[in-house]
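This report refers to the structure that appears directly beneath it.
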Amino acid sequence: MALSDFIADLDSLATDAESAFAKATASDALEAARVEFLGAKGGRLKAIQKGMGQVEKGDKPAAGQKLNAVKKAIEEAFELAKSRLAETASAAGGTDDPFDPTLPGHPLRLGRLHPITQTIERMKEIMGRLGFTAVEGPEIEDDWHNFEALNIPLSHPARDPLDNFYLTSSPAAEAASPLLLRSQTSTVQIRVMEQVLANAVAGEAAPSVRIVSLGRVYRPDTADATHYPMFHQIEGLLIDRGVTMADLKSVLRMFCQSYYHTDDRGAGVAEVPADDVQIRFRPSFFPFTEPSVEVDINWQGGWMEIGGAGMVDPNVLRAVGYDPEEVTGFAFGMGVERIAMRQHNITDIRDLYTNDARFLAQF
Ligand code: DAH
């Protein structure tokens with residue numbers, strides 16, 4: 001094969017390749033042209049290269065040089081076309097890949113609030129609408145706030161060391177002022193009343209109180225499906241002139257109706273109209289209320305106990321410095337886990353605290 005023919009073939013190949021690259025308006029067309037000219041197997045440049053064997057021996061160096069120069073030129077033309085396409089694509093605001101907006105996106109796994117936190121937030125919100133401010137109290141408490149001021153005498157079984165997490169093992173220290181992990185949120189009643197009375201102006205009418213407190217309480221129970229050594233309570237307290245048990249019942253009924261019926265945002269629990277949610281009181285006893293009641297709510301055809309309540313015992317009012325002749329009040333306490341578990345059909349309280357994301361992601 002004459003060198004001139006070999007060179008002519010290469011030159012016309014270069015012209016063809018450059019015009020094919022220049023014509024390509026999409027990346028798949030450009031890629032097809034690249035394969036046609038530069039493809040390692042069956043590419044047209046490769047085919048011409050194979051013809052080198054027929055070139056006269058003395059012409060081979062010149063043929064090789066020309067081959068390399070043309071190869072380089074074609075590769076450069078390809079790169080040029082490629083960047084031209086990329087520029088047009090980004091000017092058009094995207095790639096030229098066919099984009100199908102109907103395909104599902106990449107799933108984004110969002111975090112979420114723990115079901116107990118969700119329950120607490122919802123309870124706070126509802127009680128907030130009824131005018132109750134959410135307050136917090138310490139989880140390490142003293143004897144006065146956990147028992148004494150709540151009218152729980154020294155002899156009361158609720159003080160049993162086996163039923164409480166006392167924080168000191170020294171009998172002397174315990175006798176003086178034992179500290180413990182609070183066993184109930186009723187402690188916050190005392191703290192709030194003490195505080196508002198400390199801030200009250202002497203000679204003026206006694207201050208009113210309208211609070212809820214939601215938080216952790218601790219009891220040394222062996223963990224099983226319905227017990228856990230730590231759980232949450234919602235505590236409510238209202239103190240004012242002329243408060244009666246009718247107020248207590250109304251507030252609890254409104255709370256339950258708001259909590260349990262499904263609202264416009266679908267935030268409710270049961271598919272029932274608010275008017276169908278009823279509560280009932282059963283006589284009971286708590287040292288810090290008189291009279292005391294257990295509160296039930298109608299639930300799936302039966303009655304479900306949701307907590308305790310009552311009129312604040314005059315002894316409690318006196319302990320913090322209120323005059324029981326001047327003000328009265330009501331208090332209530334409910335277990336948050338129990339309500340959340342019934343709501344979500346959770347059958348084992350321990351599932352709430354094992355931090356299994358597969359379980360928690362359901363709520
Ligand atoms: N503190 C009680 C408990 O832990 C619950 C309770 C009952 C709270 C009656 C109250 C109440 O405020 O009035 O079992």
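The figures that follow rest on heavy atoms only: side chains count, while hydrogens, waters and symmetry mates do not. Numbers here are sequence positions counted from 1. Atoms within each ligand, like the ligands themselves, are counted from 1 in listed order.
- Note on ligand 1: Phe288 sits in its first shell, one or more heavy atoms being nearer than 4.0 Å.
- In this structure, Arg219 does not pair ionically with Asp221, as no charged nitrogen and carboxylate oxygen lie closer than 4.0 Å.
- Shown in contact with Ser186 at under 4.0 Å from a heavy atom are these atoms of ligand 1, numbered in order with element: 1 (N), 8 (C).
- When each atom of ligand 1 is checked for a heavy atom of Thr289 under 4.0 Å away, the hits are 13 (O).
- Put simply, the side chain of Met127 reaches to within 4.5 Å of the side chain of Val251, judged on heavy atoms.
- Set against the non-hydrogen atoms of Gln189, the atoms of ligand 1 under 4.0 Å away are 12 (O).
- Look at Arg191 and Glu136 and you find no salt bridge, because none of the NZ, NE, NH1 or NH2 atoms lies under 4.0 Å from a carboxylate O.
- Taking every heavy atom of Phe286 and a limit of under 4.0 angstrom, the matching atoms of ligand 1 come to 7 (C), 9 (C).
- Using modelled atom types and a 3.5 Å distance limit, the side chains of Ser183 and Asn146 yield a donor-acceptor pair.
- Residue Gly308 approaches ligand 1 through these ligand atoms, each under 4.0 Å from one of its heavy atoms: 7 (C), 9 (C), 11 (C).
- Between atom 10 (C) of ligand 1 and the options Glu294, Glu290, Glu235, the minimum heavy-atom separation is to Glu235.
- For ligand 1, the atoms lying closer than 4.0 Å to a non-hydrogen atom of Gln184 are 1 (N), 2 (C), 4 (O).
- Salt-bridge formation is detected for the pair Asp143/Arg159: a Lys NZ or Arg NE/NH1/NH2 atom is positioned less than 4.0 Å from an Asp or Glu carboxylate oxygen.
- Contact analysis puts Arg219 in contact with ligand 1, with a non-hydrogen atom separation below 4.0 angstrom.
- Proximity to Gly310 (heavy-atom distance under 4.0 Å) selects the following atoms of ligand 1: 13 (O).
- By the 4.0 Å N-to-carboxylate-O rule, Glu31 lies close enough to Arg34 to be salt-bridged with it.
- Proximity to Ala331 (heavy-atom distance under 4.0 Å) selects the following atoms of ligand 1: 12 (O), 13 (O).
- Of all protein heavy atoms, the one closest to atom 5 (C) of ligand 1 is Gly333 CA, 4.2 Å.
- Open room surrounds CD on Gln65; 12 or fewer heavy atoms of other groups in view lie less than 6.0 Å from it.
- Expressed to the nearest 0.5 Å, how far OG1 of Thr117 lies from CZ of Arg122 amounts to 15.0 Å.
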